[in-house]
Colleague: 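Sharing a structure here in structure tokens format.
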Number of protein chains: 2
Amino acid sequence: MLGEARRAAIVAMLRATGSVTVAELQAELGISPMTARRDLAELSRRGIAHRTHGGAVIPSIAAHEDSFAHRLEAETDAKRLLADAAVELLSPRDAVFVDSSTTGYFVARRMLELGIELTLITNSLPVMQLVASHAGPNVELVSVGGLMRRLTQSFVGPHAIRTIQGHFADRAFVSVKALTETGMMADVDPLEAEVKRSMIAQANDPVLLIDRSKLSARGLNAIGPVSDVSLVIAHGVQASDLRGVRRLDVAVRVVADKMTGLAGAGPG
Amino acid sequence: MLGEARRAAIVAMLRATGSVTVAELQAELGISPMTARRDLAELSRRGIAHRTHGGAVIPSIAAHEDSFAHRLEAETDAKRLLADAAVELLSPRDAVFVDSSTTGYFVARRMLELGIELTLITNSLPVMQLVASHAGPNVELVSVGGLMRRLTQSFVGPHAIRTIQGHFADRAFVSVKALTETGMMADVDPLEAEVKRSMIAQANDPVLLIDRSKLSARGLNAIGPVSDVSLVIAHGVQASDLRGVRRLDVAVRVVADKMTGLAGAGPG
DNA sequence: TCTGTTTTGATCGATTACGAGCGATTTTCG
DNA sequence: CGAAAATCGCTCGTAATCGATCAAAACAGA
């Protein structure tokens, strides 16, 4: 039996029941456990199967990879540091845009912890929940309306844009999926990209927050040149990663881990 | 059984009933209590489940226990009956306004329980949370934006109005604080009243849901005559209470408690 | 046939999942 | 409020699984 045909059979079994075990493959296809593992590894690499101990499941079962809850777990320290740096910029009674990134969620949480009096404008449902349940009475919340995106728990679309354009804010805290070498900000979802673009446009001092994980991903939908923001706060990136930012002469602040040195490279 | 498949099964049980216990998992899946606990801990880490003593619940239910439970506990039976009657009016693919009343919350929950495919347009944060965590993929959610009112966990103001006016819906389910003898609907908060008025205006078949508790209160801010809605569904009211409604010749359906005979037919 | 490449199978130390024991904690109930 | 019951989760032993590595087999081209 040809390798590719065998893998196709494995895919068929996966689709049928939602999962396969190595032992099943051994019995069903007459192959050794090692070959079964190699095939599953290959299918996992292609994104067709999600490898687990003893076998594999179809990705949709374990697809929470990109869900909000799962993203919260990744790079938590970095986001906390970014949030700390971000809230330092705030003054009482500021109006602030916060987007639907997990980094934005951390920023909002830090704001509430410090009890700063301000107005929050967001398209993120988790941020709304946060404010509704944890905020003191001196925090105003404005929700951007629109259609809900399940994956990111956020609201997008024309109504969201119109509401954003109806507000002027002192600052915006935005995080993007990708930052190219030419200094373009981009995101995977076009509607989400539009929201971020509008927030940046409607804020006096838009701030871009990025950590290392953001630089590898490729975003397809351009948001705009990084020169649209007045400050970039970064964590865990190398100088070469910020080439595009430097080229456009945007102020950068790099936050460092706790004890290892201090923040504040570059103008800013 | 594969670990991930087992956890997927747990998630399915959670979604079906809203909660699971360790003992249930032990019986249903044939696993040890320790494994059940480990799975629940993992799902909790992913944000899919909220751990409790003896088992776990869906996160949003836990969240509501703090903020919303108090109002929800009042007149629960009445609201459930109203909700049952309300969802009977729905057809697949309807677009529906739901306001920020607790009755509206019950209606939304009943819709999701029945898995009806529809588009929900709401200004209620709890309803949004409900849809975000409980709804299947065939439910669309549109959030009305605007300023958050802490007391009712809802969004109001000009941006909310504009978003509502940008939509036409098949139905609207609205509950009001007061219904006068002359047939005027009213509410205590002017902004909230404005939202309800807009929802009624933008729906083909607006429906007013009222229980006895609504008739005693006095609302200061007029919403409009009850003749603006095409149907009133009431519970626990006496004929005299509905004088204003009858005067304006609006269709009324009175839902009765379980076994005591129904007005307007239909299963209660 | 010979030789080089690719695929498959077997070995084995390391890793991981699972279940049982048990003291600590929480809940229930008198 | 105190005691009993249930639940929790830490720890450890066992069993299954994993994947790196190397050898055998299948295959291709000269």
Side-chain angles (χ1 to χ4, degrees), chain A residues 1-65 69-70 72-74 76, chain B residues 1-14 16-59 61-67 69-70 72-73:
Chain A
M1 180 180 237
L2 243 52
E4 207 48 48
R6 191 181 57 234
R7 282 185 279 274
I10 294 175
V11 172
M13 292 171 66
L14 252 179
R15 296 251 164 85
T17 64
S19 68
V20 293
T21 68
V22 170
E24 278 170 19
L25 294 176
Q26 183 178 7
E28 196 75 24
L29 304 173
I31 59 179
S32 71
M34 195 60 235
T35 299
R37 286 192 206 104
R38 274 193 272 250
D39 282 344
L40 292 181
E42 170 62 18
L43 293 178
S44 172
R45 197 193 58 75
R46 296 187 201 169
I48 303 171
H50 184 85
R51 195 73 167 82
T52 70
H53 266 248
V57 298
I58 54 179
S60 65
I61 287 184
H64 308 288
E65 300 288 321
H70 197 275
L72 269 185
E73 299 292 329
T76 301
Chain B
M1 180 178 229
L2 240 43
E4 201 52 42
R6 189 183 58 234
R7 283 184 281 276
I10 294 175
V11 171
M13 291 171 67
L14 255 179
T17 64
S19 69
V20 293
T21 68
V22 170
E24 277 170 20
L25 295 176
Q26 183 177 7
E28 195 75 26
L29 303 173
I31 59 180
S32 72
M34 192 61 232
T35 299
R37 286 192 205 103
R38 272 194 271 250
D39 281 345
L40 292 181
E42 169 63 19
L43 293 178
S44 171
R45 196 192 62 76
R46 296 187 200 171
I48 302 169
H50 184 88
R51 196 74 166 79
T52 66
H53 271 250
V57 298
I58 292 177
I61 287 182
H64 296 169
E65 226 121 33
D66 303 332
S67 50
H70 300 85
L72 281 181
E73 279 172 13

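Each chain gets a letter, A, B and so on, in the order its sequence line appears, and its residues count up from 1.
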Colleague: Ala56(B) and Leu14(B): which non-hydrogen atoms are nearest, and at how many Å?
Modeller: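 Nearest pair, atom of Ala56(B) first, then Leu14(B): O-CD2, 3.9 Å.
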Colleague: Could you state the atom-to-atom distance from CD1 of Ile31(A) to P of dG9(C) in whole Å?
Modeller: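 Taking CD1 of Ile31(A) and P of dG9(C), I get 7 Å after rounding.
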Colleague: Given atom CZ of Arg7(B) and atom P of dA17(C), what is their separation to the nearest angstrom?
Modeller: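 Answer to the nearest Å: 8 Å.
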Colleague: Please report the shortest heavy-atom distance between Leu43(A) and Arg7(A), naming the atom on each side.
Modeller: CD1-O, 4.2 Å
Colleague: Between Ala23(A) and Thr52(B), which residue's closest nucleotide on DNA chain D lies nearer the 5′ terminus?
Modeller: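 Final value for this comparison: Thr52(B).
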Colleague: Grab the CG-P distance between Leu29(A) and dG9(C) for me, whole Å please.
Modeller: 11 Å
Colleague: Taking CD from Glu42(A) and C1' from dT7(C), how many angstroms apart are they, rounded to a whole number?
Modeller: 13 Å
Colleague: Ignoring hydrogens, what is the shortest heavy-atom contact between His53(A) and Leu2(B)? Give both atom names and the distance.
Modeller: O-CD1, 3.6 Å
Colleague: So which one's nearest nucleotide on DNA chain D is more toward 5', His53(B) or Pro33(A)?
Modeller: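 Taking each residue's closest nucleotide, the earlier one in sequence belongs to His53(B).
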Colleague: Roughly how many Å is it from CG in Asp39(B) to P in dG9(D), rounded to a whole number?
Modeller: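 Spelled out: CG on Asp39(B) to P on dG9(D) is 13 Å.
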Colleague: Check whether any side-chain nitrogen or oxygen of Thr35(A) sits under 4.0 Å from OP1 or OP2 of dG9(C), and answer yes or no.
Modeller: yes
Colleague: Measuring from Glu24(A):CD to Thr17(A):OG1, what's the distance to the nearest 0.5 Å?
Modeller: 6.0 Å
Colleague: Please give, in whole Å, the distance from dC8(D) P to Leu40(B) CG?
Modeller: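 Rounded to the whole Å, the gap is 8 Å.
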Colleague: Given the structure, check if the side chain of Arg38(B) and the base of dG19(C) hold any donor-acceptor pair shorter than 3.5 Å.
Modeller: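 Indeed, a donor on one side and an acceptor on the other fall under 3.5 Å apart.
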Colleague: Rounded to whole Å, how long is the line connecting atom CD of Gln26(B) with atom P of dA6(D)?
Modeller: 13 Å
Colleague: Measure CZ/Arg51(A) against P/dA17(C) and give the value in whole Å, please.
Modeller: 12 Å
Colleague: Could you check whether Thr21(B) gets within reach of a base, just the sugar-phosphate, or nothing at all, counting any heavy atom under 4.0 Å?
Modeller: nothing
Colleague: For dG19(D), take OP1 and OP2 only and decide whether either is under 4.0 Å from a side-chain N or O of Arg37(A).
Modeller: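 For dG19(D), neither OP1 nor OP2 has a side-chain N or O of Arg37(A) closer than 4.0 Å.
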Colleague: So, using salt bridge (Lys or Arg N to Asp or Glu O under 4.0 Å) as the criterion, who are the partners of Arg6(B) when residues are at least two apart?
Modeller: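 Partners of Arg6(B) by the salt bridge (Lys or Arg N to Asp or Glu O under 4.0 Å) criterion, ordered by chain and then number, come out as Asp39(B).
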